[in-house]
Novice: 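Got a structure for you, questions after.
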There are 2 protein chains.
Amino acid sequence: MSSTPRRSTIIEVARLAGASKTSVSRYFGDERERLSPSLQTRIAQAAHTLGYQPNQMARGLKGGHSKLVGMLVADIRNPFSVAITHGVEQACRQYGYSLLVGNTDNDPEQERQHLALLSAYQVEGLVINAAGSPERQLHTVIHQGTPVVLLDREVNHVDAAVVGLDNHQAVDMALEHLTEQGYQAVLYVSETPEQSSTRQLRLMCFNQGAQQRALIHATLLLTPSDDTATLNALDTFIADHKQHNCAVLCANGNATLAITRLFQRLGLPLGKVGLMGIDELDWCCLVPPGITTLAQPTDDIGQTAIHCLMHQIAPHTTPMPTQLNFAPTLIKRGSTQP
Amino acid sequence: MSSTPRRSTIIEVARLAGASKTSVSRYFGDERERLSPSLQTRIAQAAHTLGYQPNQMARGLKGGHSKLVGMLVADIRNPFSVAITHGVEQACRQYGYSLLVGNTDNDPEQERQHLALLSAYQVEGLVINAAGSPERQLHTVIHQGTPVVLLDREVNHVDAAVVGLDNHQAVDMALEHLTEQGYQAVLYVSETPEQSSTRQLRLMCFNQGAQQRALIHATLLLTPSDDTATLNALDTFIADHKQHNCAVLCANGNATLAITRLFQRLGLPLGKVGLMGIDELDWCCLVPPGITTLAQPTDDIGQTAIHCLMHQIAPHTTPMPTQLNFAPTLIKRGSTQP
DNA sequence: TTACTAAATAGGAGCGATTCCATTCTGATG
DNA sequence: CATCAGAATGGAATCGCTCCTATTTAGTAA
């Protein structure tokens with residue numbers, strides 16, 4: 001059995017460097033400048049030979065600075081969420097924070113548990129892409145002084161910054177593009193909007209915008225379990241409007257994926273029947289003749305969320321981002337050329 | 001200003017319940033049964049009214065049980081990594097652990113930093129999808145007694161369980177399928193194998209297997225920055241073997257994506273020129289006539305990694321998984337029907 | 001030189017839990 | 001009734017660090 005050398009502590013470093021705990025602590029905290037150059041080198045050397053690294057648990061305990069940010073993601077397998085997580089993680093590192101991620105799989109119960117857990121780890125801030133409506137818990141957490149930023153979706157009655165897409169503008173751009181391309185009847189496809197304020201908002205904007213433009217329009221909610229229902233609804237919509245140019249607008253990446261599959265099963269000609277989606281995906285350029293999308297600036301969104309959070313954690317050192325709602329980018333492809 | 005109620009501590013609960021810290025600690029630890037029923041209810045009640053939750057930082061400090069598992073991912077935007085992360089997270093929760101994820105973006109330097117950070121948080125175990133070769137650090141960490149499990153890729157000279165695909169079998173299945181379908185010349189496309197033992201292994205298996213089957217074969221390494229080089233190489237290979245049925249085998253999802261794009265740019269007829277990839281992706285069924293893939297059991301892989309880890313953390317309560325190399329599933333589609 | 005100020009360093013009390021060890025409380029046994 | 005094992009509970013040290021409060025040192029002006 002090889003002996004298991006306990007990792008060395010601040011005291012051992014102090015002893016070896018001939019200094020006090022305090023000085024070593026200062027060295028590894030952010031008061032290094034207060035130490036004389038000679039002491040700095042002695043400590044650096046001692047720490048290096050011992051392979052010392054401060055125990056974050058102990059730090060977090062005493063100072064309350066866990067240097068941890070918690071993130072809750074509704075569906076980690078959604079490429080959009082992943083892209084945002086990437087931005088969040090990047091920004092965290094930039095500020096010297098680590099990220100504790102919880103995936104809730106769109107389950108409010110898991111969300112509850114994860115939220116409790118994260119706060120038990122004394123996270124200094126929380127970035128939340130809500131699955132349910134964890135109002136109560138968020139209130140508690142916020143009341144305890146933990147800054148919270150919401151990602152993409154807002155939560156009823158919770159007064160926290162929301163970073164995400166400018167949904168109004170997005171839907172508007174989509175409708176504008178579709179009308180420009182000569183489509184006259186548009187079917188809007190979304191997952192059930194109960195869970196998500198964003199879905200609700202986009203849906204509302206769609207109805208409103210389509211009406212303003214005097215478009216023939218209808219909406220279709222995806223039923224996860226029952227493909228054929230959706231298939232029929234789609235089929236019917238197209239059939240009912242044979243005399244018009246029809247298009248389908250998908251509310252997010254999942255919808256785009258589902259609908260593209262159905263287009264193929266129905267043998268619908270992409271372009272002739274328009275197809276457009278919010279969220280850019282790897283493969284949208286691969287399905288001939290390419291699927292038109294509105295790309296979200298995911299990295300920006302993720303990073304902004306963290307900037308926002310850091311502003312709340314350390315108001316004086318970090319500026320508050322001015323923009324929280326980002327404009328999408330229209331990527332035109334063949335699927336919207338009749 | 002609303003006052004900020006510090007979260008309540010074990011002492012307050014103890015006081016309110018008329019018990020000692022020790023008892024409360026026992027209640028929230030795993031010695032609840034040792035307490036008399038009456039005490040249990042008193043503590044439960046007190047904890048509930050105070051909204052008490054043990055401070056994980058403090059727990060981690062004293063007992064060394066941070067209940068944290070660290071995970072390092074080479075590229076979090078790779079759908080394969082995401083799928084595995086999902087499995088890992090699920091299994092962690094099952095064991096009552098939380099997951100601290102670090103994304104290294106395939107950068108050895110970031111890998112180093114993240115590794116240091118994770119160990120600073122006293123993670124009880126580490127799941128690593130290596131980007132570079134952090135041998136030294138892993139040795140240190142392992143020597144300190146932290147169990148390590150490697151995901152998908154092994155690291156030189158590091159003696160830890162590796163959970164992943166049975167690469168030999170995978171490449172074999174691919175070649176078998178391609179030959180069955182009548183392809184005679186196969187081009188193997190991979191990202192540069194230096195970083196990844198898996199890429200090396202697959203490449204080797206390919207050369208070996210192709211030779212055994214007396215296939216005409218060649219390999220092509222993707223150069224991230226230079227598309228046209230790859231384009232030309234692909235084009236040349238096809239041209240050079242006009243008289244044979246050609247196919248391309250992609251080493252992973254990224255390769256499949258890149259090559260599919262090139263097929264379109266070159267106007268290559270999918271199927272006539274075969275295309276097959278390791279890793280199943282959302283869109284493989286969407287690009288007509290569908291791309292044949294070998295799907296990895298990602299959830300299994302992720303979960304097994306954690307089972308493996310837990311076995312090392314608590315050898316007596318958890319069995320060691322017997323299988324660490326998983327067989328892929330062949331998903332036949334039109335891209336391999338000449 | 002002396003007095004005084006500011007900079008540099010040290011000492012020690014906790015942070016909130018766990019855990020060893022001691023104590024009290026049962027009830028069964030002789 | 002005395003004794004004692006074992007269960008139930010409590011006390012206090014401790015984990016590694018931060019930060020408040022000394023104390024020492026150096027630097028400057030009178």
Side-chain angles (χ1 to χ4, degrees), chain A residues 4-44 46-47 50-68 117 119-124 144-145, chain B residues 4-43 46-47 50-68 119-124 144-145:
Chain A
T4 301
R6 294 198 311 78
R7 59 174 50 242
S8 49
T9 76
I10 203 173
I11 295 214
E12 310 180 68
V13 177
R15 233 193 307 272
L16 182 58
S20 71
K21 291 192 300 173
T22 311
S23 298
V24 179
S25 173
R26 290 208 171 104
Y27 181 83
F28 284 97
D30 32 29
E31 302 184 276
R32 188 170 300 185
E33 295 72 24
R34 286 180 50 176
L35 305 180
S36 70
S38 88
L39 225 204
Q40 286 191 33
T41 33
R42 268 185 300 154
I43 292 179
L50 290 176
Y52 170 76
Q53 212 185 356
N55 180 329
Q56 288 293 91
M57 288 285 162
R59 282 188 147 177
L61 179 56
K62 178 62 204 213
H65 302 303
S66 63
K67 285 287 173 182
L68 234 36
L117 216 58
S119 88
Y121 277 106
Q122 313 291 107
V123 295
E124 292 183 54
Q144 273 169 181
Chain B
T4 301
R6 294 198 312 78
R7 62 176 44 244
S8 48
T9 76
I10 202 173
I11 295 213
E12 310 179 68
V13 176
R15 234 197 303 275
L16 182 58
S20 70
K21 290 197 299 175
T22 309
S23 297
V24 179
S25 172
R26 291 208 169 104
Y27 182 84
F28 284 97
D30 32 30
E31 301 185 277
R32 188 172 298 186
E33 295 72 24
R34 287 181 47 176
L35 271 36
S36 71
S38 89
L39 224 203
Q40 285 191 34
T41 33
R42 268 185 301 154
I43 292 180
L50 289 176
Y52 170 76
Q53 213 186 356
N55 179 328
Q56 291 290 56
M57 287 285 160
R59 282 188 146 176
L61 180 55
K62 176 64 203 214
H65 302 305
S66 62
K67 285 287 172 183
L68 235 35
S119 89
Y121 277 105
Q122 313 291 106
V123 294
E124 292 183 52
Q144 272 169 181

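Chain letters run A, B, ... following the sequence lines, proteins first, then strands; residues in each count from 1. Not measured: the values here are computed from a predicted model.
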Novice: With hydrogens left out and only the distance checked, is there a donor-acceptor pair under 3.5 Å joining A:Arg7's side chain and the base of D:dG16?
Specialist: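 Absent.
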Novice: Could you tell me whether a side-chain N or O of B:Arg26 sits under 3.5 Å from a main-chain N or O of B:Glu31, the two making a donor and an acceptor?
Specialist: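 The answer is no, because no donor-acceptor pair under 3.5 Å joins these two groups.
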Novice: Looking only at side-chain N and O atoms, does B:His65 come under 4.0 Å of OP1 or OP2 in D:dC15?
Specialist: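 No, because none of the side-chain N or O atoms of B:His65 sits under 4.0 Å from OP1 or OP2 of D:dC15.
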Novice: Mind calculating the distance between CD1 (A:Ile43) and C1' (C:dA10) to the nearest angstrom?
Specialist: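 Computing the A:Ile43:CD1 to C:dA10:C1' distance gives 12 Å.
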Novice: Taking CD from A:Glu31 and P from C:dT9, how many angstroms apart are they, rounded to a whole number?
Specialist: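 Atom-to-atom, A:Glu31 to C:dT9, this comes out as 13 Å.
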Novice: Once you round it to whole Å, what is the distance between P of D:dA8 and CD of B:Glu33?
Specialist: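 About 11 Å, once rounded to whole Å.
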Novice: From the options D:dG16, C:dA17, D:dT9, select the nucleotide whose nearest atom is closest to the side chain of B:Arg26.
Specialist: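 Of the options given, the side chain of B:Arg26 lies nearest D:dT9.
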Novice: Pick the nucleotide of DNA chain D nearest each of A:Leu61 and B:Leu35; which residue has the one closer to the 5' end?
Specialist: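 It is B:Leu35 whose nearest nucleotide is closer to the 5' end.
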Novice: Atom CD of A:Gln40 and atom P of C:dT9: how far apart are they, to the nearest Å?
Specialist: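 These atoms are roughly 9 Å apart.
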Novice: Looking only at the side chain of B:Lys21 (C-beta and beyond, no hydrogens), which of the listed nucleotides C:dA10, C:dG16, D:dA12 gets closest?
Specialist: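 My answer, after comparing the listed nucleotides, is D:dA12.
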Novice: Check whether any side-chain N or O of A:Thr9 sits under 4.0 Å from OP1 or OP2 of D:dG16, and answer yes or no.
Specialist: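 Looking at the OP1 and OP2 atoms of D:dG16, neither is under 4.0 Å from any side-chain N or O of A:Thr9.
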Novice: Has the side chain of B:Ser25 got a donor or acceptor atom sitting under 3.5 Å from an opposite partner on the base of C:dT19?
Specialist: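 Counting by modelled atom types and ignoring angles, no donor-acceptor contact under 3.5 Å is found here.
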Novice: Given 3.5 Å as the limit, does a donor-acceptor pair link the side chain of A:Gln122 with the main chain of B:Asn55, or not?
Specialist: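 Absent.
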Novice: Atom OH of B:Tyr121 and atom CZ of A:Arg59: how far apart are they, to the nearest 0.5 Å?
Specialist: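 That separation rounds to 8.5 Å.
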Novice: Tell me whether the side-chain N/O atoms of A:Arg34 come closer than 4.0 Å to OP1 or OP2 in C:dA8.
Specialist: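 For C:dA8, OP1/OP2 do not have a side-chain N/O of A:Arg34 under 4.0 Å.
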Novice: What is the separation between atom CZ on B:Arg15 and atom C1' on D:dG10, rounded to the nearest whole Å?
Specialist: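 That distance rounds to 15 Å.
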Novice: How is A:Tyr52 classified with respect to the nucleic acid when contacts are heavy atoms under 4.0 Å: base, sugar-phosphate, or nothing?
Specialist: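 Sugar-phosphate only.
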Novice: Counting N and O atoms only, with roles assigned by atom type, does the side chain of A:Gln144 sit under 3.5 Å from a partner on the main chain of B:Arg7, one being a donor and the other an acceptor?
Specialist: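 Judged by distance alone, no pair lies under 3.5 Å.
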Novice: Across the strands shown, which category fits B:Thr22 at heavy-atom distances under 4.0 angstrom: base, sugar-phosphate, nothing?
Specialist: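 Base contact - B:Thr22 has a heavy atom under 4.0 Å of at least one base atom.
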Novice: May I have the distance from A:Leu39 (atom CG) to D:dT24 (atom P), rounded to whole angstrom?
Specialist: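 Atom-to-atom, A:Leu39 to D:dT24, this comes out as 17 Å.
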Novice: Less than 4.0 angstrom between a side-chain N/O of A:Ser36 and OP1 or OP2 of C:dA7, yes or no?
Specialist: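 No, A:Ser36 has no side-chain N/O under 4.0 Å of OP1/OP2 on C:dA7.
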Novice: Taking side chain as C-beta onward, heavy atoms only, is A:Glu124 less than 4.5 Å from A:His65?
Specialist: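 They are in contact (side-chain heavy atoms under 4.5 Å apart), so the answer is yes.
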Novice: Is a side-chain donor or acceptor of A:Gln56 paired with a backbone partner of A:Lys67 at a separation under 3.5 angstrom?
Specialist: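 It does not hold such a pair.
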Novice: Taking for each residue the nucleotide of DNA chain D with the nearest heavy atom, is it A:Gly29 or B:Gly63 whose nucleotide lies nearer the 5' end?
Specialist: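 Per heavy-atom nearest nucleotide, the more 5' residue is B:Gly63.
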Novice: Can you identify which nucleotide, out of C:dG11, D:dC17, C:dT19, has its nearest atom closest to the A:Ser20 side chain?
Specialist: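 Closest nucleotide among those given: C:dG11.
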Novice: Mind calculating the distance between CD1 (B:Ile11) and P (C:dC15) to the nearest angstrom?
Specialist: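 Rounded to whole Å, this separation is 8 Å.
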Novice: How many Å lie between CZ on A:Arg59 and P on C:dG16, as a whole number?
Specialist: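 Whole-Å distance recorded here is 18 Å.
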